[in-house]
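In each ligand, atom 1 is the first atom listed, and ligand 1 is the first ligand listed.
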Amino acid sequence: MPYYRAVGQIPRKRHTQHRRPDGGLYAEELMGVEGFSAESALLYHRHAPTAILDSALWEAPGDAPTTANRPLLPRHLVTHKLDAGPADAVTGRQLLLANADVRLGYVAATVPSPLYRNAVGDECVYVEAGAGTVETTFGALMVGAGDYVVIPTSTIHRWLPSGPDPLRLLTIEASGHIGPPKRYLSAKGQHLESSPYCERDLRGPTEPLLAADPGDAGAPAHAAETADTTAATTAIARHTAHAAGVEVLVRHRAGGSRVTYAHHPFDVVGWDGCLYPYAFNIADFEPITGRVHQPPPVHQTFEGPNFVVCSFVPRKVDYHPQAIPVPYNHHNVDSDEVLFYTGGNYEARKGSGIAQGSISLHPAGLTHGPQPGAVERSLGAESFDELAVMVDTFRPLELGPAAAACEDPGYAWTWAGGRPV
Ligand SMILES: [Fe+2]
């Protein structure tokens, strides 16, 4: 749970009159999770957030059928093989792995995305490379390589890549809520001293986006003066000029719909609460190390429904004089384990073909461990420069169409030195 924030113009008391400069009332909206019994935010809109003009069917990409991991194999997916020309961060997502709790996709985004609302669950999007802005009803987040971007359920947003290179994204779409592990937090929700990151490391929106409705006297003056939001405001103006309303793609529990709103959803003048999008950079994750090999839970960063997200970051390694720094062979008997290799050299996987942008899937039912020779090579090492994101799921992952399109078929046999012919 992020900590409390207040951004923009809000009234001193909740649920009281909050008036525009022209005397009209702002429209208050409560966004809350778990039946309004957990985190929430109060947002103040210039226009009614309820006003819709149309709703039509939309086939959400990534809702493609998946297939079971049978016969059971460890898998190596080469995500950079999926690059396919112009793509946006929402409709360009290619489904790699999925179960009822979480879906993992990949996209190299080069163009702005449509406005999007995922009403099924929270998203945690990891930025492998590139830079851009995520515009949301709460404000904008500038994002770059190494950022986890956590977007709460039903937050209307869009992705705007910037710079010459694609915005490479690993998309982690939950069927529920994503947040820090409970063991990192005090009973009242503060990050504990034992947590590998804390509130100072989380970046939330700092001001409303303030969609530039032409002629809207309620638009506070400071919006266009902020460098971070100038590009966003320009982009929004293009949408708000559309007389027929503003289209938002909605992924919901029954499928996808294309909803047209009467007013641009980025019309919030202020909000407060503990529910909002935020970014956390993997470089701010402080690794926990020991004299001998530390188990994967020390790397945990987030938890979702029936899955966890962990960060393997550059660190000093085990300092017992007889330590073996790479992992032992292991079998997480209740989980499928996904690793996304996003930087440095991953010592345990040398010789397997794993490279930048690779994903390995090590499913329950098979023991996995270092590649041949990795244990001996690691002896005496003082540090690893590996950078990887791990997603462990408690239910088995199925393979999406993009997995078949980018799989390295030789990976499963690399521990045995190749498949006999
Ligand atoms: Fe593992």
Side-chain angles (χ1 to χ4, degrees), residues 69 72-79 96-99 101-102 104 124 126 128 148 170 172 181 196 282 285 287-290 292-304 306-315 317-318 323-379 381 383-399 403 407-408 410-416:
N69 184 10
L72 189 65
L73 286 174
R75 309 276 180 168
H76 171 203
L77 311 179
V78 185
T79 61
L96 292 164
L97 301 163
N99 63 22
D101 302 311
V102 63
L104 304 177
C124 175
Y126 179 79
E128 177 196 353
Y148 290 102
L170 175 72
I172 304 169
I282 197 168
F285 186 91
I288 295 169
T289 58
V292 295
H293 196 78
Q294 297 296 294
V298 302
H299 304 283
Q300 190 177 350
T301 310
F302 299 112
E303 66 183 11
N306 282 326
F307 72 90
V308 299
V309 178
C310 300
S311 303
F312 290 81
V313 302
R315 61 191 183 280
V317 291
D318 323 334
I324 297 176
V326 293
Y328 27 74
N329 299 308
H330 53 286
H331 192 168
N332 192 353
V333 299
D334 292 320
S335 298
D336 278 13
E337 176 194 298
V338 175
L339 261 176
F340 177 61
Y341 302 86
T342 182
N345 291 306
Y346 208 80
E347 294 295 331
R349 294 272 91 82
K350 267 186 182 161
S352 66
I354 295 284
Q356 173 73 34
S358 287
I359 283 178
S360 62
L361 166 65
H362 293 128
L366 292 172
T367 298
H368 67 279
Q371 304 302 134
V375 170
E376 289 80 3
R377 281 197 306 272
S378 75
L379 300 180
S383 63
F384 286 167
D385 69 348
E386 66 195 23
L387 193 63
V389 171
M390 185 169 81
V391 181
D392 276 6
T393 67
F394 287 120
R395 287 201 268 193
L397 286 162
E398 298 206 328
L399 306 169
E407 183 170 7
D408 162 15
Y411 179 67
W413 327 114
T414 54
W415 290 270

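With sequence neighbours left out, the ring-ring contact (aromatic ring centres under 6.0 Å, His included) criterion links Y411 to H76, H362, W415. Shown here are the salt bridge (charged side-chain N to carboxylate O under 4.0 Å, His left out) partners of R395, two or more places apart in sequence or in another chain: D101. For the side-chain hydrogen bond (donor to acceptor under 3.5 Å, both in side chains) test, no residue two or more places apart in sequence or in another chain qualifies with T79.
When all heavy atoms of D318 and V292 are compared, the closest pair comes out as CG-C, 3.7 Å.
Between the side chains of S311 and T301, a donor-acceptor pair is found at a separation under 3.5 Å.
Listed for the N69 side chain is no donor-acceptor partner under 3.5 Å among the backbone atoms of E398.
Excluding waters, the protein N/O/S atoms found under 2.8 Å from the Fe ion (ligand 1) are H330 NE2, E337 OE1, E337 OE2, H368 NE2.
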